[in-house]
2 protein chains.
Amino acid sequence: MKPADILYNHNLKRTSCREGIIEVIMSADRALSENEIRKRLKVNYDRTTFYRSFKTLEEHKIIHRIVVDNQTVKYALDNSITNKKEHAHFYCNDCQEVQCLESAVIRKMQLPAGYTEEETEILIRGTCSLCKRN
Amino acid sequence: MKPADILYNHNLKRTSCREGIIEVIMSADRALSENEIRKRLKVNYDRTTFYRSFKTLEEHKIIHRIVVDNQTVKYALDNSITNKKEHAHFYCNDCQEVQCLESAVIRKMQLPAGYTEEETEILIRGTCSLCKRN
DNA sequence: ATTTCAAATGCAACTTTGTTGCAAATATAG
DNA sequence: CTATATTTGCAACAAAGTTGCATTTGAAAT
Ligand SMILES: [Mn+2]
Ligand SMILES: [Mn+2]
Ligand SMILES: [Zn+2]
Ligand SMILES: [Zn+2]
């Protein structure tokens, strides 16, 4: 599906910023940060616009956010677009890149009595296959 | 074990800031943020000192950090002090409190070929037993 | 094609979180 | 008590994110 169609399906206005962000995230093989996305866009948008766009796209489940640490947020396409299940994410301590591990499907954990789960986030830190070789 | 002994065992100077932080974290039944810890201390330390203390205590595996989101970090006693295993953490969407789920031991996930795990972080978001009741 | 207007953008000002360099204070070994 | 390596506080800074408001724009209606 094309960025423009995705926006249309969600009743979102087709602005170049939103379209650009979706375009860049769709064509990436890994999760990207705000700055990585900015670098790949032709036009330069204000930070505010960028943040508001991410917020809107997240709310409409077009993209999802991966919090690596309190200082680093990355974005990838959401499961509702990729038709994948909830999955773990991998952070390479070496190249610092984040990948969606679509094969690592998240299974719910046993919780203490009275607790209810709504969402489970898993972040695996380690070394990716590319960095392992070197 | 007392805060002073913990510091002594790690060859760390016994300063009131470090001792206070450990004291507060030890006596809490949940993970606390920088500000929550500050409020519970008698003396007011500079933010820099606070951050440096957290860093030192983390490096010596006396406390561990739980990143709730890119804006929120909480601290709890580390497993090396509590003698517990790597566990998942629970964030209550209602009361916004974080708890170590020491019964929810982390089991390693299957990774794609060539990937190596070093650490797995699990954060479960949902409603805690107290908030459920109300 | 032109008009209309709710929604999106850009800008300025601000907040929160965290970091760095350096001088002053202090914990602890001798 | 003294010496000194560590730790602390302060100032200055940086990065990330938010808010209010005036301007611009997408797209629906005419
Ligand atoms: Mn993902
Ligand atoms: Mn914990
Ligand atoms: Zn790597
Ligand atoms: Zn709760």
Side-chain angles (χ1 to χ4, degrees), chain A residues 2-25 31-39 41-60 62-75 91 96 98, chain B residues 2-25 31-39 41-60 62-75 91 96 98:
Chain A
K2 286 194 167 71
D5 299 327
I6 295 173
L7 289 172
Y8 181 81
N9 292 343
H10 286 264
N11 294 309
L12 291 174
K13 281 194 183 173
R14 182 184 165 186
T15 69
S16 67
C17 182
R18 287 172 181 173
E19 229 179 326
I21 290 174
I22 299 175
E23 181 69 53
V24 167
I25 292 181
L32 300 175
S33 68
E34 176 205 334
N35 288 327
E36 289 169 329
I37 295 170
R38 169 169 295 110
K39 275 185 218 139
L41 289 172
K42 299 102 196 162
V43 192
N44 219 356
Y45 300 97
D46 186 81
R47 288 172 52 72
T48 317
T49 306
F50 238 58
Y51 283 120
R52 286 194 275 226
S53 296
F54 286 133
K55 188 164 178 264
T56 304
L57 296 177
E58 255 192 289
E59 284 167 352
H60 284 80
I62 294 168
I63 63 174
H64 72 283
R65 145 194 317 240
I66 301 140
V67 177
V68 177
D69 59 54
N70 52 321
Q71 218 78 323
T72 324
V73 176
K74 303 231 179 187
Y75 299 93
Y91 173 80
Q96 276 132 281
V98 171
Chain B
K2 285 195 168 68
D5 299 327
I6 295 174
L7 290 171
Y8 181 82
N9 292 342
H10 286 265
N11 294 310
L12 291 173
K13 281 194 180 169
R14 182 184 165 186
T15 68
S16 68
C17 181
R18 288 172 181 172
E19 229 179 325
I21 290 174
I22 298 175
E23 181 67 53
V24 168
I25 292 180
L32 301 176
S33 69
E34 177 205 334
N35 288 327
E36 289 169 330
I37 295 170
R38 169 167 296 112
K39 274 185 220 143
L41 288 172
K42 298 104 195 160
V43 192
N44 219 357
Y45 300 96
D46 187 81
R47 290 173 51 71
T48 317
T49 306
F50 237 59
Y51 283 120
R52 286 193 276 227
S53 297
F54 287 133
K55 189 164 177 266
T56 303
L57 297 177
E58 256 193 287
E59 283 166 355
H60 284 79
I62 295 168
I63 63 174
H64 73 283
R65 145 194 316 239
I66 301 140
V67 177
V68 178
D69 59 54
N70 53 320
Q71 218 79 320
T72 323
V73 176
K74 303 231 179 185
Y75 300 92
Y91 173 81
Q96 276 132 282
V98 171

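Computed from heavy atoms alone, side chains included, the values below leave out hydrogens, waters and symmetry copies. Chain naming here is simple, since letters A, B, ... match the order of the sequence lines and numbering starts at 1 in each.
- Here B:L7 contributes atom CG and B:I62 contributes atom CD1; the two are 5.5 Å apart, rounded to the nearest 0.5 Å.
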| task | In sequence, state the C-alpha distance, the side-chain angles, and the governing distance for A:E34 and A:Y51, and then conclude on side chain to side chain donor-acceptor pair (under 3.5 Å). | result | CA-CA 8 Å; A:E34 176 205 334; A:Y51 283 120; 2.9 Å; yes

Could you pull out the protein-nucleic contacts involving nucleotides 5-8 of chain C (nitrogen or oxygen on both sides, under 3.5 Å)?
{"residue": "C:dA7", "atom": "O4'", "partner": "A:K13", "partner atom": "NZ", "Å": "3.3"}
{"residue": "C:dA8", "atom": "OP1", "partner": "A:R18", "partner atom": "NH1", "Å": "3.0"}
{"residue": "C:dA8", "atom": "OP1", "partner": "A:R18", "partner atom": "NH2", "Å": "2.7"}
{"residue": "C:dA8", "atom": "O5'", "partner": "A:R18", "partner atom": "NH2", "Å": "3.3"}

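- The two residues B:I66 and B:A31 have their closest heavy-atom pair at CD1-CB, 3.7 Å.
- Rounded to a whole Å, the OH atom of A:Y45 is 10 Å from the C1' atom of C:dT9.
- Looking at every heavy atom in both residues, A:E58 comes nearest to A:R65 through OE1-NH2, 3.0 Å.
- Think of the region where chain A sits on DNA chain D: with heavy atoms and a 4.0 Å cut, that region ends 5' and 3' at D:dA16 to D:dA27.
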All N/O pairs under 3.5 Å across the protein-nucleotides 13-21 of chain C interface:
{"residue": "C:dG18", "atom": "OP1", "partner": "A:N70", "partner atom": "ND2", "Å": "2.5"}
{"residue": "C:dG18", "atom": "OP2", "partner": "B:Y51", "partner atom": "OH", "Å": "2.8"}
{"residue": "C:dG18", "atom": "N7", "partner": "B:R47", "partner atom": "NH2", "Å": "3.2"}

| Checking salt bridge (charged side-chain N to carboxylate O under 4.0 Å, His left out) for the pair B:E23/B:K2: CA distance, chi angles, key distance, verdict? | CA-CA 8 Å; B:E23 181 67 53; B:K2 285 195 168 68; over 6 Å; no

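- Contacts of A:N44 classified as side chain to side chain donor-acceptor pair (under 3.5 Å), with partners at least two apart in sequence or in another chain: A:R38.
- Between the side chains of B:N35 and B:S33, no donor-acceptor pair of N or O atoms lies under 3.5 Å.
- Scanning for side chain to side chain donor-acceptor pair (under 3.5 Å) contacts around A:E19 gives A:R14, with sequence neighbours left out.
- Donor-acceptor pairing under 3.5 Å is lacking for the side chains of B:T72 and B:Y91.
- For A:S53, the side-chain contact (heavy atoms from CB on, under 4.5 Å) test picks out A:C17, A:R18, A:I21, A:T49, with sequence neighbours left out.
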